[in-house]
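In what follows, a single structure is set out as structure tokens and then discussed.
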There are 2 protein chains.
Amino acid sequence: MKHSEAKSRIIETASSLFYKNGYNSTGINEIISEAGIAKATLYNHFKSKEDICLAYLRFKDTRFIKDIETFATTKPKGKKQILAIFDFLQLFFQAKDFNGCWCIKTVSEIPKDNEVIRNEIQKQKNSFIQLIEKLVTNNLEKIKTEDISSLSRKIYLLYESAVSESHLHQVDWPIKEAKHLCSKIIR
Amino acid sequence: MKHSEAKSRIIETASSLFYKNGYNSTGINEIISEAGIAKATLYNHFKSKEDICLAYLRFKDTRFIKDIETFATTKPKGKKQILAIFDFLQLFFQAKDFNGCWCIKTVSEIPKDNEVIRNEIQKQKNSFIQLIEKLVTNNLEKIKTEDISSLSRKIYLLYESAVSESHLHQVDWPIKEAKHLCSKIIR
DNA sequence: ATTAAAAGACAGACAAGTCTGTCTAAGTTT
DNA sequence: AAACTTAGACAGACTTGTCTGTCTTTTAAT
């Protein structure tokens, strides 16, 4: 369908620009010129820039969740599947377009009272925690049910700091240290 | 001296606004009207908005390092002094003006190639890691010299994620989980 | 099959507002 | 008298979003 093709182009272009240069620093004009579409077309598919921001966040999240889940579950079952999220991050970090966490970036840029964007981001983070809980449940036989949540949250914290600190310092020791600590708490 | 009094007013006002509403969302006009000074006066003390941004970061950091060090060293010596950084964060979180980490916020807003700001932020984070190293060295007798750096970095990662995640989710479990995990790795 | 209509994309002018930073002119303090 | 502060006009460059009018393609009706 041609209709959704234009829309896809907008989302992909906007996502790349928002992630690389920031939400506020990316203007509508930049998006349309890079995507090669007209402004009227853009506003025919999205009612506002915020609307594009939402689409951007969802686009990034959908791909991320799919990719990291695929990556983890192709590893041998057991602790390796849990640690795999840090190996995934290592690859992500080495990719030349790595630019930290899009959620943190975006939430830092929008006004504090923007609940639409904030809710979307919290939703994404919670579904990532759920993914970790699934990995923990499936790969640690000895784990007690009541410990799953707390352990998963700790792994989540380690992962999140590994993302933002490797980005901030432009080195990968945060990923290595986080993985190392993770390996100690799941044994 | 009147000269530095005006300058201080600008720094304090700008800091409060930048931290609360973001760097890009805070205009020069807002700063001068809130601080009650003229625009020409502002540009008499700072050559650009970026210059004010630097002053803001340094203002926040100076106070933070002083406050958290004072807080920790008034606690009983031993592991409690290390864990104190999370208690400090708990108070910080409960304060009504808590708004996450100013470094992360700022780095998310500025262009990627702004090295002046980026260097300042990396410098601040490294000096915070040094503070943790000092706490670790002084309060863990059994620690081996070669383990100090790695352990301090892990504690740093936990602290940083506790800040940003408690801010993001608007709850304090990240602080509690981070402190709990920290207590386990320093025993 | 031919014609009519609808839908969407295009370029780009435009409004209305934002921003930073400069400058003028008047007032105040030392 | 010199130095600083004030208010605010101003330039120039941005922003998002609206709107007009043209062109092409797809769909529907006869």
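These numbers were taken from a predicted model, which means no experiment stands behind them. Letters A, B, ... mirror the listed sequences (proteins, then strands); counts begin at 1.
- Side chain to side chain, B:E177 and A:S150 meet the donor-acceptor criterion of an N or O pair below 3.5 Å.
- Between the side chain of B:Y19 and the backbone N or O of B:C101, no donor-acceptor pair lies under 3.5 Å.
- Put simply, CD1 on A:I32 is 19 Å from P on C:dG8, counting in whole angstrom units.
- Ring geometry for B:F64 against B:Y159 counts as tilted: the plane angle lies between 30° and 60°, on a 0 to 90° scale.
- We find that CG of A:L42 is positioned 17 Å from P of C:dG12, with the value rounded to whole Å.
- Among the atoms of the strands shown, only primed sugar atoms or phosphate atoms (P, OP1, OP2) are found under 4.0 Å from some heavy atom of B:T26.
- Side-chain nitrogen and oxygen atoms of A:N44 include at least one within less than 4.0 Å of the OP1 or OP2 phosphate oxygen of C:dA9.
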*Take nucleotides 17-22 of chain D nucleotide by nucleotide from the 5' end and write B, S or -, depending on whether a protein heavy atom sits under 4.0 Å from the base, only from the sugar-phosphate, or from neither.*
BBB---
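- For the pair A:H45 NE2 and C:dA9 C1', the interatomic distance rounds to 9 Å; values are reported in whole Å.
- The CD-P distance, from A:E30 to D:dT15, rounds to 8 Å in whole Å.
- Among the heavy atoms of the strands, none lies under 4.0 Å from A:S33.
- Atom CG of A:N24 and atom C1' of D:dC14 are 13 Å apart (whole Å).
- Between the side chains of A:N29 and A:K39, at least one donor-acceptor pair of N or O atoms lies under 3.5 Å.
- One can place CD1 of B:I31 at 18 Å from C1' of D:dA7, the figure rounded to the nearest angstrom.
- Remark: A:T41 is not in phosphate contact with C:dG8, judged by side-chain N or O atoms under 4.0 Å from OP1 or OP2.
- A distance of 6.5 Å separates CD of A:Q170 from NE2 of A:H167, quoted to the nearest 0.5 Å.
- Around atom NZ of A:K20, no more than 12 heavy atoms belonging to other residues, nucleotides or ligands sit under 6.0 Å away.
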